[in-house]
Protein chains: 2
Amino acid sequence: MQLRMTNQREIILKELRKSRQHLTADELYERVKKSMPRISLATVYRNLETLSAAGIITKLEISGRQKRFDWDVSQHDHIYCGQCNRVDNIDFDRELIGHSAIGSPIGYQVTGYRVEFVGICSSCKKKNEKTKEKNQER
Amino acid sequence: MQLRMTNQREIILKELRKSRQHLTADELYERVKKSMPRISLATVYRNLETLSAAGIITKLEISGRQKRFDWDVSQHDHIYCGQCNRVDNIDFDRELIGHSAIGSPIGYQVTGYRVEFVGICSSCKKKNEKTKEKNQER
DNA sequence: CTTAGTGCAAACTGTTTGCAGAGGG
DNA sequence: CCCTCTGCAAACAGTTTGCACTAAG
C-alpha cells in the first residue's frame, strides 16, 4: 500500500507541525477547516491514523479520553495537566529505568514502557489562584 | 454525602476482589449479573466511580479505550499486553525516578507520574507461536 | 486507468445522565 | 421518613465504517 500525498493530508500534517502542540483530532479539524472548509472529521481521523502508522507522526497513548497526536517523532516523555488535559513535553532521563529495575513480569515479554507525568500547568495554576481570591472575597 | 452499603455495591466490590484481576466495567457487569441478574450496567459504572472516589478501589488510568478498576489500593505499577489489553501488576522500584530526574516542566507543578509497561502476555505469546507454526505448514 | 483517498451519514463503543420509583439508615 | 441509590432508556463523546464519488500517480 503506497501513500499518496493528497491536499488534505498535506494540510493536516502542516497544521499539526505548525501548532507545535499535542492536538486532538477535532482540535486539528477545527484548524484545518479554516483553509479547507469542506474537509470532514473522518478524513482527519483517517489521515492521523495513516500518518502515525507510517511513522510520520506519533499517536500519543495518554490517560484520558481523547487521543492526541505529536508531530515530533523522536522518543520523549510527556506531562499533562490534570485539570485542562493539555499535554507538553518533559525532559526526563529514560536511562534511569533500566530493564534491571523491572521485577517479576509474570511471563510477560516486556517490549517497552511509558512514563507519564501529571501536574498542573501554569495557566490553570493562575486560574486557581484567581478563583481562590474570589472565594475569599465572599 | 455518606456511603450506603447497598446490596449491589457489596456484590460489585466482592466480585472485583474475588477476581484478583483488573477488570473493566462490563467484565465486572457480566460477573455480577450471575448473582444479581437485574442489575444495570449504569449501576456498575456509578459504583465503581463512587468506590474509587472513596479510595476503596483504584481507577486505572491506562492507555487504551476502556477504564479498568483495581481492588488493590496500594501504590504499584502495571504492565499491559499490547495484544489482548490484559493488565497485570509489575514490581518496579519507583525510587528510581526521583524528582531530580525531571527536567524542565515548563511551568508545571508536578504532582505525580505513572509508569506503564507494555509487553506481550504469556498466553498471547503461545497463541502467536501456534499461528506461526500454522503459517509455516502452508 | 487504477486504486488510494474523500465527504457524508450512519453505526458503534464506552460511558454518563434524567427520571421516577425502591430501599438503606 | 429522608435522601442516596437503583433500573431503565435515552443521550453523549469520540471514533470508525460503508458507500459512491474524486483525484493522485
Side-chain angles (χ1 to χ4, degrees), chain A residues 1-16 22-70 80 84-87, chain B residues 1-16 22-70 80 84-87:
Chain A
M1 189 182 76
Q2 55 171 347
L3 280 201
R4 283 180 189 173
M5 192 43 78
T6 60
N7 232 315
Q8 16 283 87
R9 187 163 293 166
E10 208 170 345
I11 295 189
I12 288 169
L13 192 51
K14 199 186 69 194
E15 280 296 333
L16 181 58
H22 305 79
L23 301 177
T24 60
D26 59 293
E27 281 168 353
L28 199 46
Y29 172 57
E30 288 307 320
R31 289 170 189 232
V32 170
K33 253 201 311 196
K34 280 171 191 160
S35 50
M36 187 179 264
R38 304 215 38 169
I39 197 172
S40 98
L41 180 56
T43 299
V44 176
Y45 271 107
R46 271 187 289 229
N47 275 314
L48 288 173
E49 205 52 52
T50 311
L51 289 169
S52 63
I56 299 170
I57 61 173
T58 315
K59 196 190 332 184
L60 295 189
E61 299 287 352
I62 281 272
S63 313
R65 42 190 66 112
Q66 284 186 88
K67 283 175 193 156
R68 288 180 178 271
F69 295 85
D70 196 343
Y80 73 95
C84 69
N85 283 315
R86 169 199 178 88
V87 176
Chain B
M1 188 182 75
Q2 57 169 349
L3 281 200
R4 283 181 189 171
M5 192 42 77
T6 60
N7 231 314
Q8 17 281 86
R9 187 162 292 164
E10 207 170 345
I11 296 188
I12 288 168
L13 192 52
K14 200 185 69 195
E15 281 296 333
L16 181 59
H22 305 79
L23 301 177
T24 60
D26 58 295
E27 282 168 351
L28 199 46
Y29 173 57
E30 289 306 321
R31 290 169 189 232
V32 169
K33 254 203 305 198
K34 281 172 192 160
S35 50
M36 186 179 263
R38 304 216 36 171
I39 198 173
S40 98
L41 180 56
T43 300
V44 176
Y45 271 107
R46 270 187 289 228
N47 275 313
L48 288 172
E49 205 50 54
T50 311
L51 289 169
S52 63
I56 299 170
I57 61 174
T58 314
K59 191 183 347 176
L60 296 189
E61 300 287 352
I62 282 272
S63 314
R65 43 191 67 113
Q66 285 187 87
K67 282 175 194 160
R68 288 180 179 272
F69 295 85
D70 195 342
Y80 73 94
C84 68
N85 283 316
R86 168 200 176 87
V87 176

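Residue numbering restarts at 1 for every chain, and letters A, B, ... go by the order of the sequence lines. These figures come from a predicted structure and were not determined experimentally. When reading the values below, keep in mind they use all heavy atoms of this one structure, side chains included, and skip hydrogens, waters and symmetry mates.
Residues A:Asn47 and B:Glu49 both approach DNA chain C. Their nearest nucleotides, taken by heavy-atom distance, put A:Asn47 toward the 5′ side.
The nucleotide whose nearest atom lies closest to any side-chain atom of A:Gln8 is, among C:dT15, C:dG7, D:dT17, C:dG7.
Rounded to whole angstrom, the span from the CD1 atom of B:Ile39 across to the C1' atom of D:dC8 amounts to 13 Å. Protein atom NZ of B:Lys33 is 11 Å distant from nucleotide atom P of D:dC8, rounded to whole Å. Taking atom CD of A:Gln66 as the reference point, atom C1' of D:dA13 lies 8 Å away to the nearest angstrom. One interatomic measurement links the two molecules: NZ of A:Lys67 to C1' of C:dG14, which rounds to 13 Å at whole-angstrom precision. When rounded to the nearest whole Å, the span between CZ of A:Arg9 and P of C:dG7 equals 12 Å. In this structure, A:Met5 places its CE atom 10 Å from P of C:dG5, rounding to the nearest Å. At whole-Å resolution of the value, CD in A:Gln2 and P in D:dA24 are 14 Å apart. Taking atom CG on B:Leu41 and atom P on D:dT6, their separation rounds to 13 Å, with Å as the unit.
Without hydrogens or angle criteria, B:Arg68 side chain to B:Leu60 main chain gives no donor-acceptor distance under 3.5 Å.
A close approach under 4.0 Å does occur between a side-chain nitrogen or oxygen of A:Thr43 and OP1 or OP2 of C:dG7. One finds no side-chain N or O of B:Asn7 lying less than 4.0 angstrom from the OP1 or OP2 phosphate oxygen of C:dA22. Within the 4.0 Å cut-off from OP1 or OP2 of D:dT16, not a single side-chain nitrogen or oxygen of A:Tyr45 is found. For C:dT6, the OP1/OP2 oxygens have a side-chain nitrogen or oxygen of A:Thr6 closer than 4.0 Å. One finds a side-chain N or O of A:Arg38 lying less than 4.0 angstrom from the OP1 or OP2 phosphate oxygen of C:dC8.
The shortest distance between side-chain heavy atoms of A:Phe69 and A:Leu23 does not fall below 4.5 Å. Considering only heavy atoms from C-beta on, A:Asn85 stays 4.5 Å or farther from A:Gln66 through its side chain. Between B:Leu3 and B:Ile56 the shortest side-chain heavy-atom distance falls below 4.5 Å.
For A:Arg4 against C:dT3, a side-chain N or O and a base N or O form a donor-acceptor pair under 3.5 Å. Checked by distance alone, A:Arg46 brings a side-chain donor or acceptor within 3.5 Å of a matching partner on the base of C:dG7.
Ion pairing between a basic and an acidic side chain is recognised when a charged N comes within 4.0 Å of a carboxylate O; A:Glu49 and A:Arg46 show no such pairing.
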